[in-house]
Colleague: 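First the structure, which I've put down as structure tokens, then a few questions once you've had a look.
All values below come from the heavy atoms of this structure, side chains included, with hydrogens, waters and symmetry mates left out.
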Amino acid sequence: MPGTQGRTAEDPPTERIAADLATAVGRLARRLRTASPDSLLTPTQRTVLARLAMEGPATTAALARAEYVRPQSMRLTVGALEDRGLVSRAPDPEDGRQSVVSVTEEGRAVLDAVRAAKRDWLAAAVDAELDADERRTLAEAVTLMERLTGT
């Protein structure tokens with residue numbers, strides 16, 4: 001079984017490692033959410049904008065299903081993004097009763113700014129808090145985390 005070779009009685013239990021990792025990743029995710037200016041996007045708006053930027057245009061219903069929210073809630077989110085010019089709507093070529101939502105250039109710029117703020121905060125924190133050996137250890141941990149997530 002992978003990961004069980006060479007284990008000793010002094011090794012921390014896998015369950016504790018998993019719990020500690022989940023806690024640390026959750027704290028990091030919450031801290032990253034606060035790294036960008038409050039006025040840019042709500043977490044839900046950022047998620048929807050990122051999905052549209054990565055996956056392409058979608059209907060409000062498809063976005064609601066993908067985000068596990070009610071269509072009414074997604075309509076409010078898309079409406080707020082549209083009011084700010086971050087997304088646009090066009091008639092669905094397959095179903096004229098629906099519209100397809102797409103990210104605008106302004107939306108891409110805001111999303112890039114949010115991502116840059118998070119990346120800049122994290123880079124500054126790594127630089128300020130970790131020495132060279134710890135940065136190398138963190139780089140190795142990133143590789144392991146990517147392996148865990150299949151990326």
Colleague: Holding to side-chain hydrogen bond (donor to acceptor under 3.5 Å, both in side chains), I want the full list of residues that pass it with E134, two or more places apart in sequence or in another chain.
Modeller: none

Colleague: Does Q72 have any side chain to side chain contact (heavy atoms under 4.5 Å, CB included) partners at least two apart in sequence or in another chain, and if so, which?
Modeller: R70, R75

Colleague: Does any part of the side chain of E94, heavy atoms only, come nearer than 4.5 Å to the side chain of T59, both counted from C-beta?
Modeller: no

Colleague: List the atom of L63, the atom of M74, and the distance in Å for their closest heavy-atom pair.
Modeller: O-CE, 3.6 Å

Colleague: Show me the side-chain donor-acceptor pairs of residues 95-111 shorter than 3.5 Å, one per line, residues at least two apart or across chains.
Modeller:
from : atom 1 : to   : atom 2 : distance (Å)
D95  : OD1    : R97  : N      : 3.0
D95  : OD1    : R97  : NE     : 3.0
D95  : OD2    : R97  : NH2    : 3.1
D95  : OD2    : Q98  : NE2    : 3.2
T104 : OG1    : G85  : O      : 2.6
T104 : OG1    : L86  : O      : 3.1
T104 : OG1    : E106 : N      : 3.4
T104 : OG1    : G107 : N      : 3.0

Colleague: Between L81 and L41, is the side chain to side chain contact (heavy atoms under 4.5 Å, CB included) condition met? List the steps.
Modeller: CA-CA 9 Å; L81 291 169; L41 297 171; 4.0 Å; yes

Colleague: Taking side-chain hydrogen bond (donor to acceptor under 3.5 Å, both in side chains) as the definition, give me every residue that meets it alongside T149, ordered by chain and number, with sequence neighbours left out.
Modeller: T151

Colleague: Hydrophobic clusters join Ile, Leu, Val, Met, Phe, Trp and Tyr when side-chain heavy atoms are under 4.5 Å apart, directly or via other members; which others share one with W121?
Modeller: L28, L32, L122, V126, L130, L138

Colleague: Rounded to the nearest 0.5 Å, what separates atom CD in Q45 from atom CG in L76?
Modeller: 10.5 Å

Colleague: Among all residues two or more places apart in sequence or in another chain, which pass the side chain to side chain contact (heavy atoms under 4.5 Å, CB included) test with P13?
Modeller: E15, R16

Colleague: My understanding is that a hydrophobic cluster links ILVMFWY residues whose side chain heavy atoms are under 4.5 Å apart, including indirect links. Using that, what else belongs to the cluster containing L144?
Modeller: none

Colleague: Which ILVMFWY residues are connected to M54, directly or by a chain of links, through side-chain heavy atoms under 4.5 Å apart?
Modeller: none

Colleague: To the nearest 0.5 Å, what is the distance between CG on D92 and OG1 on T60?
Modeller: 10.5 Å

Colleague: Output the rest of the hydrophobic cluster of V25: all Ile, Leu, Val, Met, Phe, Trp and Tyr residues reachable through side-chain heavy-atom contacts under 4.5 Å, sorted by chain and number.
Modeller: L21, M145, L148

Colleague: Please enumerate all residues that pass side chain to side chain contact (heavy atoms under 4.5 Å, CB included) together with D133, with sequence neighbours excluded.
Modeller: D131, R136

Colleague: Quick one: which residue pairs count as a salt bridge (charged side-chain N to carboxylate O under 4.0 Å, His left out) with a foot in residues 53-65, not counting sequence neighbours?
Modeller: R51-E55

Colleague: Would you mind listing every side chain to side chain donor-acceptor pair (under 3.5 Å) that reaches into residues 23-32, with sequence neighbours excluded?
Modeller: R31-T34

